[in-house]
Amino acid sequence: MAIDRILKDDASEEKGERARMASFVGAMAIADLVKTTLGPKGMDKILQSTGRGRGVTVTNDGATILKSLHIDNPAAKVLVDISKVQDDEVGDGTTSVVVLAGELLREAEKLVAAKIHPMTIIAGFRMAAECARNALLQRVVDNKENEEKFKSDLMKIAMTTLSSKILSQDKEYFAKLAVDAVMRLKGSTNLGAIQIIKKPGGSLKDSFLDEGFILDKKIGIGQPKRIENAKILVANTAMDTDKVKIYGARVRVESMSRVAEIEAAEKQKMREKVDKIIAHGINCFVNRQLIYNFPEELFANAGILAIEHADFDGIERLALVTGGEIASTFDNPESVKLGHCKLIEEIMIGEDKLIHFSGVEMGQACTIVLRGASHHVIDEAERSLHDALCVLSQTVNDSRVLLGGGWPEMVMAKEVDELARVTPGKKSHAIEAFSRALVAIPTTIADNAGLDSAELIAQIRAEHHKEGCNAGIDVISGSVGDMAELGISESFKVKQAILLSATEAAEMILRVDEIITCAPRKREDRM
């Protein structure tokens, strides 16, 4: 008796050729989707959600676009994942990594059609990736010892990162903001100390960097507007207990005077709590929850600035920056760690009042205030700046720098080509294919800028056969330019992450020879 089916009725499986086809097509479709956002002349995408409010995002950040897509194709999901990891790991290169993986698969598809086994292709890709990485390692520049050169390297990297984003018009200004902010971190990659506040209004040029911490709250009525040498208690506690807080609780009393007694007891309880808090010897109290009028009045009488309802991110960061800890019980003041700062004052940004903490304990902390025409503009500016900050903080640790503008890809492609010539057997086809895939990135950059990519790439390739050549695509003039003179630099760490992630992702999809889709769970009729 032949077994017809092993799987359930609604499950489906695709084998061999068809499975591989589905993987290749899905991955290439994703790569083509984000391809147009690559490079300084890349275009943006509008993402519209179908949820409540139909939120609209305008972005050209590869990871943001792919994160928002709901994808059915399993191979495409692998590419979405690598762009996410690239975003978490180094912050930039999220589009390049997907485009490179897509191109590798496009080349692999031709090889598979020519009856070369996927494992052979993978072995060739492995050799090629190793060779490409070594080619970059020989050409890196490291200026860690020379402070001035290193800072100019960071400026160049920031400007290169920002030039493909919405901030490209004011890239020098924002590159300086980002470099100043990262230099304050003194080598730590904790971007939590850099706070970004978004305030619509003004233009992008009105954005500024402020040392210290800004809390998006107003100072209450009758409270001191300015405090010097502040001792801050950061808390997460209920300061609104002038109601009975047990739901469904009933209190039966004989007369109105008893109600007054209960109210007086509640007030007394609150007063004791406030006295305990004041006993910490503080002059600023920041609470995550509400503070009702009565305790607020008590704080004001004691000359303490009380801030209520600070958002949770704000509170966590405030505690981190001022060196305090979040407290919720106040019985033993000696065990509570207070935060300190030199000055608390109220400032105005646009129409809004905010509270500014300056001279904070953690010297690295700073706040970048972004201004812009609308929420969409500011959101995209924040994503762009975040990319730049990530890349810079990684570069401060790993200070190796490469030139940009398609130069590293051409260097790698040239080395990989030479490896293909000396490699015997079928692997050489795969190695050659790898070098063609690498050239796809500068080709795409040129295509997006509306240039004749075939002509440009051929010129750059010829240039690269000379010793010590710095040729890459100069998108602005539309010709081959000297990347060192134009000051277009990229971080080695980003390039390495792109190369290795894309190769591994392509490898993973190449190994597939069967796709099994599970049967959907049926709803049982509960009749």
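Each residue takes its place number in the sequence, starting with 1.
A salt bridge between Asp513 and Arg20 is absent, with no side-chain N of the basic residue lying under 4.0 Å from a carboxylate O of the acidic one. Between Asp180 and Arg184, none of the side-chain N atoms (NZ, or NE/NH1/NH2) sits under 4.0 Å from a carboxylate O, so this pair counts as no salt bridge. Salt-bridge annotation for Lys165 and Asp92: present, with a side-chain N of the basic residue lying under 4.0 Å from a carboxylate O of the acidic one. Taking 4.0 Å as the cut-off between side-chain N and carboxylate O, Glu103 and Lys35 count as a salt-bridged pair.
Put simply, CG on Leu79 and CD1 on Ile30 are 6.5 Å apart, with the number rounded to the nearest 0.5 Å. We find the OG-CZ distance between Ser399 and Phe150 to be 5.0 Å, quoted to the nearest 0.5 Å. Going from atom CG of Asn146 over to atom NZ of Lys151 covers 13.0 Å, rounded to the nearest 0.5 Å.
By the neighbour-count criterion of 12 heavy atoms within 6.0 Å, atom CZ of Arg126 is sparsely surrounded, having that number or fewer from other residues, nucleotides or ligands.
In this structure Arg383 satisfies the salt bridge (Lys or Arg N to Asp or Glu O under 4.0 Å) test together with Glu380, sequence neighbours excluded.
The backbone N or O of Pro424 lies less than 3.5 Å from no partner atom in the side chain of Ser428, so there is not a single donor-acceptor pair. A donor-acceptor pair under 3.5 Å links the side-chain atoms of Lys77 to the main chain of Ile71, judged by distance alone.
Of the N and O atoms on the side chains of Ser453 and Asp447, at least one donor lies less than 3.5 Å from an acceptor on the other residue. With hydrogens and angles left out, the side-chain atoms of Lys171 and Thr160 include no donor and acceptor closer than 3.5 Å.
No side-chain heavy atom of Phe434 sits under 4.5 Å from any side-chain heavy atom of Glu107.
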